[in-house]
Trainee: 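Before I ask anything, here is the structure I am working with.
Position 1 is the first residue of the sequence, and the numbers go up from there.
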Amino acid sequence: MARIGVVSISDGRGHVHARNASFIQSKQDALVASLRAAGHEVVVGRELVATNDLAVSVAREVAAADVDVTVLYYAVWSFPHFTMLAADATRSPLVLVASTDPTEPGLVGMLAAGGALDQIGREHARAWGAPDDPELAAAIGVHAKASAAVSSLRGSTFGRFGGRPMGMNTAVANTDQWMRLFGIDVEEIDQYELVLRADKADPAEARKAREWLERNTAGVHYDGDKLTPELLERQIRSYLAIRDIIEERNLDFSGIKAQPELTENFATMDVTEAFLNDPYDWNGPKETHVTATEADMDGALTMQLFKQLSGTPVLFADVRHYHADRDIWDLCNSGQHATWFAARSDDPAENLAHVNLHPEVFFFPAGGASVQHIAAPGEMTLGRLTRKSGEYRLQLMLGEFENYDAATNEELVAQSTPEWPHAFARLDAPGEVFLSEFGANHIHAIPGDHRAELRAVCDQLGIRLDEWSRG
């Protein structure tokens, strides 16, 4: 969850503040208890703000605790200039929260403060309600979680293995813009480093991993050519190699070009990418490491943001085909889906029981295994950060992954590339709108409805939101 600062603003007249102090304190205590009950860490201002000096000093102390968001709380009429001073003393996103108890004009205080902030262009969000209302805590939590996700990007490093793949302009971002807008540095790493490290990786570890996959997946379909035990171990050694590079260079998330150099001369990166994005491997549970295929920078950025909001693996897929007769999209990519999506279980065995490793197809002469499965059904948030005329926007929608009987699944996957993983998605966006306006060939997804947090992310970053629905 998030770290939330709470500062209560009062009336600047001494006799009025003295009369209101216990009322404000009781409301603040109830709000803080509600936020803590929701799982958040709360940093409370040491005093109620009733003077200029306190507005500055209390806000600075709360800001020093590195809060994700600062709540300025209005239980009574409050002098608006206290809000202006407190806002200037913190750089965290602000949420102005009003008590709706009609015995005191808390709403009046919030509106006066919010109007003052509007006049100077200080962005903020607003919420209101009874301080112990779980819905109010949830509304504040949306902004706090969004801020925590945005903050997690700042100071992070993206590892870019290789350059632009196959002329794909949407896979390449402006590193200056990334630093200015998101606070992210980019470490450029030649793919040859991966090849060298893979050749030196522990063969016993690679064998152990291969045998684990042979035991736990639905099948490893060796063909003696495009997929052999040796090729599978080469893919596993690539995973071990990139794990070493990630640790040495302190990479927070990554992308691997792969095509065409690795896919034509070494091996596909499907196994490497799938298990980097998974919350486990043959050695047990681990932290996911967001990794985008084709070194897709904006794809990886979207995935990292989605991961910070959801705490789950993030889907990476091509928008492969639209089955107009079913109003279903086939989201399919060359074996890159994390195996977790096969059943979305905490137990790797449940997920891997639905996963097949197939020989790669003609696109990839070097061969290797494709990590094939059909994503488990459920509600999904889908979208991507894209750019129009150089400016970022978030294209966002809700959707549903669907799964069918064996015969229908087989019929659908046979229409594209059956060796690759598939997610059959019903999107909350008309097909003609999506195809006319979506700004990339890659799309990303996480389970559940995270649209509220992503709207707040856009507000905090000053990014345009394109949200699509059928309504």
Side-chain angles (χ1 to χ4, degrees), residues 2-38 40-137 139-141 143-144:
R3 180 178 294 166
I4 300 173
V6 174
V7 176
S8 287
I9 312 295
S10 184
D11 192 301
R13 293 167 290 187
H15 67 94
V16 177
H17 173 65
R19 173 176 103 40
N20 288 343
S22 62
F23 179 83
I24 299 169
Q25 190 67 52
S26 67
K27 297 294 185 181
Q28 176 182 279
D29 290 347
L31 177 64
V32 169
S34 182
L35 291 171
R36 286 176 174 157
H40 300 292
E41 180 185 350
V42 183
V43 178
V44 185
R46 61 178 163 80
E47 290 189 51
L48 307 178
V49 170
T51 68
N52 290 2
D53 287 345
L54 283 173
V56 175
S57 63
V58 171
R60 283 178 177 170
E61 289 168 7
V62 170
D66 195 27
V67 295
D68 295 308
V69 70
T70 302
V71 168
L72 300 181
Y73 189 51
Y74 305 87
V76 299
W77 162 250
S78 309
F79 281 20
H81 76 285
F82 295 159
T83 291
M84 302 288 272
L85 290 166
D88 189 63
T90 181
R91 292 295 173 261
S92 73
L94 299 176
V95 183
L96 310 190
V97 179
S99 163
T100 51
D101 186 331
T103 62
E104 293 290 345
L107 283 171
V108 181
M110 181 191 76
L111 290 169
L117 291 175
D118 285 343
Q119 289 179 189
I120 64 169
R122 179 67 186 269
E123 295 294 331
H124 63 278
R126 302 181 191 180
W128 50 89
D132 57 354
D133 185 348
E135 290 188 8
L136 177 60
I140 296 169
H143 297 283

Trainee: If I take atom CD1 from residue Ile24 and atom OG from residue Ser22, how far apart are they, to the nearest 0.5 angstrom?
Mentor: 8.5 Å
Trainee: Indicate yes or no for a side-chain donor-acceptor contact from His81 to the backbone of Phe79 under 3.5 Å, with no hydrogens or angles considered.
Mentor: no
Trainee: So which atom in Thr90 and which in Ala63 form the shortest heavy-atom distance, rounded to 0.1 Å?
Mentor: OG1-CB, 3.7 Å
Trainee: I'd like to check the salt bridge (charged side-chain N to carboxylate O under 4.0 Å, His left out) partners of Arg60; sequence neighbours left out, ordered by chain and number.
Mentor: none
Trainee: Answer yes or no: are there more than 12 heavy-atom neighbours, outside Gln25 itself, under 6.0 Å from its atom CD?
Mentor: yes
Trainee: Restricting to salt bridge (charged side-chain N to carboxylate O under 4.0 Å, His left out), what partner residues turn up for Asp118, sequence neighbours left out?
Mentor: Arg126
Trainee: Checking Phe82 against Ser10 for the side-chain contact (heavy atoms from CB on, under 4.5 Å) test, could you report, in this order, the C-alpha distance in whole Å, the side-chain angles of both residues, the deciding distance, and whether it holds?
Mentor: CA-CA 8 Å; Phe82 295 159; Ser10 184; 5.9 Å; no
Trainee: Please check this pair: side chain of His17 against backbone of Gly12, looking for a donor-acceptor N/O pair closer than 3.5 Å.
Mentor: no
Trainee: Can you name the nearest heavy-atom pair linking Leu136 to Ala130, along with the distance?
Mentor: CD2-O, 3.4 Å
Trainee: Can you tell me how far apart CG (Asp29) and OG (Ser34) are? Round to the nearest 0.5 Å.
Mentor: 12.5 Å
Trainee: Residues in salt bridge (charged side-chain N to carboxylate O under 4.0 Å, His left out) with Glu123, at least two apart?
Mentor: none
Trainee: Given 3.5 Å as the limit, does a donor-acceptor pair link the side chain of Arg91 with the main chain of Asp88, or not?
Mentor: yes
Trainee: Can you see which heavy atom on Ser78 is nearest to which on Ile9, and at what distance?
Mentor: OG-O, 2.8 Å
Trainee: Restricting to non-hydrogen atoms, name the atom on Ala2 and the atom on His40 that form the minimum distance, rounded to 0.1 Å.
Mentor: N-ND1, 3.3 Å
Trainee: Nearest 0.5 Å please: distance from the CZ atom of Arg36 over to the CD1 atom of Ile4.
Mentor: 10.5 Å
Trainee: Nearest heavy-atom pair of Ala112 and Trp77: which atoms, and what distance?
Mentor: CB-CZ3, 3.7 Å
Trainee: In the structure I gave you, are the side-chain heavy atoms of Val49 and Leu85 within less than 4.5 Å of one another anywhere?
Mentor: no
Trainee: For Arg46, give me all partners under salt bridge (charged side-chain N to carboxylate O under 4.0 Å, His left out), at least two apart in sequence or on another chain.
Mentor: Glu61
Trainee: Considering all heavy atoms of both residues, which atom of Leu72 and which atom of Thr83 are nearest to each other, and what is their separation?
Mentor: CD1-CG2, 3.9 Å
Trainee: Report the residues that fulfil side-chain hydrogen bond (donor to acceptor under 3.5 Å, both in side chains) with Glu41, sequence neighbours left out, ordered by chain and then residue number.
Mentor: Arg3
Trainee: Could you state the interatomic distance from CE (Met110) to NE2 (His124), rounded to the nearest 0.5 Å?
Mentor: 7.5 Å
Trainee: Tell me every residue that passes side-chain hydrogen bond (donor to acceptor under 3.5 Å, both in side chains) with Asp133, counting only those two or more places apart in sequence or in another chain.
Mentor: none
Trainee: Apply side-chain contact (heavy atoms from CB on, under 4.5 Å) to the pair Leu31 and Ile140, showing each step before the final yes or no.
Mentor: CA-CA 10 Å; Leu31 177 64; Ile140 296 169; 4.0 Å; yes
Trainee: Determine whether the side chains of Thr103 and Asp101 contain a donor N or O and an acceptor N or O closer than 3.5 Å.
Mentor: yes
Trainee: Keeping the roles fixed (side chain from Ser8, backbone from Gln28), state whether a donor-acceptor pair exists under 3.5 Å.
Mentor: no
